[in-house]
Asks: 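Quick one: the structure is below, and I'll ask about it shortly.
Any value given below was found using the heavy atoms of this structure, including those in side chains, with hydrogens, waters and symmetry copies removed. Quick caveat, the model's predicted, so the values are computed rather than measured. Letters A, B, ... are given to chains in the order of the sequence lines, protein chains preceding strands, and every chain is numbered from 1.
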Number of protein chains: 2
Amino acid sequence: MTGTFADSIENRFDPSTPASADPLLASELVTEIEFLAARAVSIGTARANSMLAPLDLKVRSYSVLALACTAEAPSQRELADFLCLVPSQIVAIVDALEQRGLVERIGDRNDRRSKAIRATASGKKLYKNASRAVREAEASSLEALTVDECDQLRGLLRRIAFTPAG
Amino acid sequence: MTGTFADSIENRFDPSTPASADPLLASELVTEIEFLAARAVSIGTARANSMLAPLDLKVRSYSVLALACTAEAPSQRELADFLCLVPSQIVAIVDALEQRGLVERIGDRNDRRSKAIRATASGKKLYKNASRAVREAEASSLEALTVDECDQLRGLLRRIAFTPAG
DNA sequence: TATTGTTATACTCTATAACTATA
DNA sequence: TATAGTTATAGAGTATAACAATA
């Protein structure tokens with residue numbers, strides 16, 4: 001996710017064809033929250049990925065690392081549910097992080113099927129830097145908003161991201 | 001995108017493990033707008049896709065169809081830029097829609113390289129139904145918000161989705 | 001019987017480069 | 001030279017089913 005996204009964004013916002021003049025902005029599609037959110041996410045994810053690239057992380061692996069840094073190390077099943085990923089994807093991501101010594105799998109004594117994923121010291125250290133990189137990418141994506149507006153947006157998104165099925 | 005998403009959402013929000021009790025909600029990750037938006041979009045896209053399935057559309061093809069319904073039929077390049085997709089992807093999507101007689105490629109007389117994508121009568125008819133389906137999916141995803149809050153959210157997202165690079 | 005993690009596999013999505021025809 | 005569309009291909013991401021170990 002390096003080139004094309006950024007490229008199309010560049011093209012899209014080329015000064016010679018300002019967004020505000022684009023007739024497509026009059027489309028019904030632009031009134032759909034789903035579309036706007038998807039576009040914002042795809043731009044934001046591309047930025048975050050490119051900021052994370054020097055650390056050899058992507059948003060996916062970064063997210064797993066972040067959750068592995070919490071006090072109560074989550075099981076792989078919990079990671080899958082929380083990140084809306086299939087369990088087999090978690091296996092691959094955790095494998096990669098574990099091979100780099102960033103997280104470790106800890107057998108659960110009560111349920112020996114389950115394995116808790118916990119960040120190592122080195123994983124926590126990397127997470128600190130990664131977190132900073134992601135915040136930086138986010139700040140650049142949210143440049144158009146005031147701090148208060150960011151708080152509003154966070155509150156609204158949090159509610160729809162964690163609301164039981166309609 | 002049929003099973004796993006819905007399934008993990010079901011698991012995630014199973015009454016026996018309410019979201020509000022999940023220790024992962026205390027993670028720093030949950031304070032990131034990027035993460036919240038990505039989660040909301042992935043849930044919302046799954047819903048929209050399943051609502052569109054009976055019409056043999058997905059959010060991608062639906063979006064192209066929607067833009068093809070605008071007064072000034074966009075070129076494939078404009079579609080690619082607007083939807084943050086690579087031109088070759090647009091080709092595939094337009095091919096599929098064209099084969100179903102939903103859109104047509106119209107050569108531009110001024111620039112014979114360019115082709116405008118315009119919805120046919122049948123395409124416009126399908127779009128009406130598809131649009132209703134998507135609105136329904138959206139309403140279900142946004143159930144937790146009031147109408148005013150939806151307007152707020154739309155306004156904020158629109159600004160970050162269409163802001164020149166930071 | 002059901003669930004956790006795992007493997008293997010297939011499928012979809014996305015990206016890249018090379019080509020053509022126009023400009 | 002540069003751009004619009006196209007093709008072919010490769011790579012990443014995602015989904016499915018089946019299995020072993022455990023509950």
Asks: Send over the distance from A:L85 CG to D:dA12 P, rounded to a whole Å.
Replies: 17 Å
Asks: Considering only D:dT6, C:dT6, D:dA23, which nucleotide approaches the side chain of B:R105 most closely?
Replies: D:dT6
Asks: Counting side-chain heavy atoms from C-beta on, which of C:dA23, C:dT4, C:dT12 comes nearest to B:K58?
Replies: C:dT12
Asks: Would you indicate which nucleotide in D:dA23, D:dA15, C:dA15 comes nearest to any side-chain atom of A:V86?
Replies: D:dA15
Asks: In whole angstrom, what separates A:E78's CD from C:dG5's C1'?
Replies: 14 Å
Asks: Would you name the heavy atoms of B:E149 and B:T146 that are closest together and state the gap between them?
Replies: OE1-N, 2.9 Å
Asks: For A:F35, does the six-membered ring have the charged nitrogen or CZ of B:R158 within the cation-pi criterion, i.e. under 6.0 angstrom from the centroid and within 45° of the normal?
Replies: no
Asks: Taking side chain as C-beta onward, heavy atoms only, is B:R100 less than 4.5 Å from B:L57?
Replies: yes
Asks: In whole Å, I'd like the distance from the CG atom of B:D81 to the P atom of D:dT3.
Replies: 12 Å
Asks: Grouping I, L, V, M, F, W and Y whenever their side-chain heavy atoms are under 4.5 Å apart, do B:V41 and B:Y62 come out in a common cluster?
Replies: no
Asks: Let's see if you can work this out: which of D:dG5, C:dT4, C:dT6 has an atom nearest to the side-chain heavy atoms of A:K115?
Replies: C:dT6
Asks: Relative to B:Y127, does B:R132 satisfy both conditions: NZ or CZ under 6.0 angstrom from the six-membered ring centre, and within 45 degrees of the ring's axis?
Replies: no
Asks: Classify the nucleic acid contact of B:S75 as base, sugar-phosphate or nothing, counting any heavy atom under 4.0 Å across all strands shown.
Replies: sugar-phosphate
Asks: Could you tell me how far apart A:D111 (CG) and C:dG5 (P) are, to the nearest whole angstrom?
Replies: 8 Å
Asks: Measure CD/B:E98 against P/D:dT6 and give the value in whole Å, please.
Replies: 8 Å
Asks: Output the rounded distance in Å from CG (A:L97) to P (C:dG5).
Replies: 15 Å
Asks: Atom CD1 of B:I117 to atom C1' of D:dT6: distance rounded to whole Å?
Replies: 12 Å
Asks: Do B:S88 and C:dT16 have a side chain to base donor-acceptor pair shorter than 3.5 Å?
Replies: yes
Asks: Would you mind telling me which of C:dG5, D:dT7, D:dA4 lies closest to the side-chain atoms of A:S114?
Replies: C:dG5
Asks: Under 4.0 Å, heavy atoms only, any strand: does A:D108 hit a base, just the sugar-phosphate, or nothing?
Replies: nothing
Asks: For A:Q89 and B:D95, take the nucleotide of DNA chain D holding the closest heavy atom to each; which residue's nucleotide lies nearer the 5' end?
Replies: B:D95
Asks: If you only use heavy atoms from C-beta on, which nucleotide in C:dT6, C:dT4, D:dA15 is closest to the side chain of A:V91?
Replies: C:dT6
Asks: Should the side chain of B:R113 and the base of D:dT3 be counted as holding a donor-acceptor pair, with the cut-off at 3.5 Å?
Replies: yes
Asks: When you measure from the side chain of A:Q76, which nucleotide among D:dA23, C:dG5, D:dA4 comes out closest?
Replies: C:dG5
Asks: Please state how far atom CD1 in B:I93 lies from atom C1' in D:dG5, giving the value in whole angstrom units.
Replies: 15 Å
